[in-house]
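Report on the following structure.
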Number of protein chains: 2
Amino acid sequence: MLPNSKELPLCPVATTVGLIGNKWKLFILRELLPGAKRFGELRKRIPDISQKVLTQNLRSMEEDGIVTREVFAEVPPRVEYQLSELGNSLRPIISVMEVWGLNYQKNVAAAVHAELESL
Amino acid sequence: MLPNSKELPLCPVATTVGLIGNKWKLFILRELLPGAKRFGELRKRIPDISQKVLTQNLRSMEEDGIVTREVFAEVPPRVEYQLSELGNSLRPIISVMEVWGLNYQKNVAAAVHAELESL
DNA sequence: CGGGATCCGTTTTGATACTG
DNA sequence: CAGTATCAAAACGGATCCCG
């Protein structure tokens with residue numbers, strides 16, 4: 001994916017894709033929709049993501065103004081991530097993906113059911 | 001990205017992301033929304049995509065039932081790709097990304113303008 | 001000639017071990 | 001616990017060859 005594109009593409013879709021067009025960012029976005037989460041929480045909730053990749057993507061999203069990062073001077077350390085206003089404005093995108101995914105799952109389930117019936 | 005995930009994830013967002021959560025597929029989708037296009041056309045219209053990657057993603061999308069591929073026995077050869085019904089059902093996703101991108105572009109433009117004003 | 005398969009060198013991405 | 005360093009894996013670009 002574009003690592004923090006400086007120049008914005010002419011096509012609006014390309015602009016959006018440039019900012020969140022990779023699966024990790026979409027997952028991070030989904031996790032942050034309900035509210036702030038700390039690093040370890042994100043790591044636990046996003047299947048198969050490594051610390052490095054999580055860090056990378058969070059930093060990139062921070063640079064892009066999608067998330068904010070708050071470090072608490074505590075021991076053990078705590079770092080919280082949360083959607084910015086811009087990040088929040090992306091909600092409809094995740095939303096529509098969720099709706100589509102649900103529908104797809106239902107249809108796949110129906111198809112499997114029909115196949116079993118026909119045996 | 002998941003290369004044609006056999007098992008579908010529990011989370012609907014993950015299901016969707018598994019199918020189209022990579023920038024090339026999103027671009028391909030965008031190009032095919034208006035109607036069928038041939039290989040070379042896609043290649044020309046999608047910036048910086050190589051034939052190999054374009055082929056790979058088109059094949060993957062074909063396997064996933066998102067696009068259909070029609071080969072015409074002609075010289076010079078012609079191969080047309082077009083959205084299936086399933087592919088068409090993804091339209092709202094691209095749509096909402098386009099709307100968001102447009103808005104973002106407008107806001108960035110406004111911000112640049114404001115910055116110039118303040119000098 | 002257009003679509004695409006394949007080989008290879010490079011860049012990106014990712015998994016793991018290690019540090020404050 | 002959160003984040004960096006190191007090393008392995010994959011995605012990608014480009015050249016080349018092929019087939020109709």
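Note that these values count all heavy atoms, side chains included, but never hydrogens, waters or copies made by symmetry. Numbered from 1 within each chain, the chains take letters A, B, ... in sequence-line order.
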Enumerate the protein-to-nucleotides 13-15 of chain D contacts in which both atoms are nitrogen or oxygen and the separation is below 3.5 Å.
| unit_1 | atom_1 | unit_2 | atom_2 | d |
| --- | --- | --- | --- | --- |
| D:dG13 | OP1 | B:D48 | O | 3.2 |
| D:dG13 | OP2 | B:S50 | OG | 2.8 |
| D:dG13 | O6 | B:K52 | NZ | 2.2 |

Taking all heavy atoms of A:R30 and all of B:C11, pick out the closest pair and write down the distance.
-> NH1-SG, 2.7 Å
Hey, are A:N22 and B:N22 close enough side-chain-wise for a donor-acceptor pair under 3.5 Å?
-> no
Shortest non-hydrogen contact between A:L26 and B:V17, atoms and distance | CD1-CG2, 3.8 Å
Select base, sugar-phosphate, or nothing to describe what B:V75 touches, counting heavy atoms under 4.0 Å on all strands.
-> nothing
List the atom of A:L58, the atom of A:V67, and the distance in Å for their closest heavy-atom pair.
-> O-CG2, 3.7 Å
Spacing between B:E74 atom CD and C:dC1 atom C1', to the nearest angstrom = 12 Å
Do the charged groups of A:R78 and A:E80 touch, with an N to O distance under 4.0 Å?
-> yes
Could you tell me the separation between the CG atom of B:L54 and the C1' atom of C:dT6, rounded to a whole number of Å?
-> 17 Å
Please give, in whole Å, the distance from C:dA5 P to B:Q56 CD?
-> 10 Å
In whole Å, what is the span from the CG atom of B:N22 to the C1' atom of D:dA11?
-> 10 Å
Counting any heavy atom closer than 4.0 Å, what does B:F72 reach on the DNA or RNA strands: base, sugar-phosphate only, or nothing?
-> nothing
Rounded distance in Å - NZ (A:K23) to C1' (D:dA10) = 12 Å
A:T68: side-chain hydrogen bond (donor to acceptor under 3.5 Å, both in side chains) partners, not counting sequence neighbours = none
Over 12 non-hydrogen atoms of neighbours within 6.0 angstrom of CD in B:E85 | no
Using nucleotides 17-19 of chain D, report all nitrogen or oxygen pairs with the protein that are shorter than 3.5 Å.
none

Taken to the nearest 0.5 Å, the spacing of B:F27 CZ from B:D48 CG works out to 9.5 Å
d(B:W24 CH2, B:L29 CG) to nearest 0.5 Å is 14.5 Å
Partner residues of B:N88 under the side-chain hydrogen bond (donor to acceptor under 3.5 Å, both in side chains) criterion, sequence neighbours left out | B:R91
Does any N or O in the side chain of B:K37 come within less than 3.5 Å of the main-chain N or O of B:Q82, such that one atom is a donor and the other an acceptor?
-> no
Spacing of B:K25 atom NZ relative to D:dC12 atom C1', expressed in whole Å | 15 Å
Would you name the heavy atoms of B:W100 and A:S89 that are closest together and state the gap between them?
-> NE1-OG, 2.9 Å
Between A:T15 (side chain) and B:G101 (backbone), is there a donor-acceptor pair under 3.5 Å?
-> no
d(CD, B:E70; C1', C:dG2) in whole Å = 16 Å
Could you check which residues of residues 26-45 of chain A get a heavy atom under 4.0 Å from DNA chain C? Sort them by number, please.
-> none
Would the number of heavy atoms belonging to other residues, nucleotides or ligands and lying under 6.0 Å from CZ of A:R69 be above 12?
-> yes
Give a yes/no answer on whether the side chain of B:R59 brings an N or O atom under 4.0 Å of OP1 or OP2 in C:dA5.
-> yes
When Watson-Crick pairs (N1 to N3 and N6-O4 or O6-N4) and G-U wobble pairs (N1-O2 and O6-N3) count only below 3.5 Å on both distances, what is the dot-bracket string of DNA chain C, with | for other-strand pairs?
-> ||||||||||||||||||||
Side chain of A:P76: nearest nucleotide among D:dG3, C:dG4, D:dC1?
-> D:dC1
Gap between atoms CD1 and P, on A:I46 and C:dT13 respectively (whole Å) = 17 Å
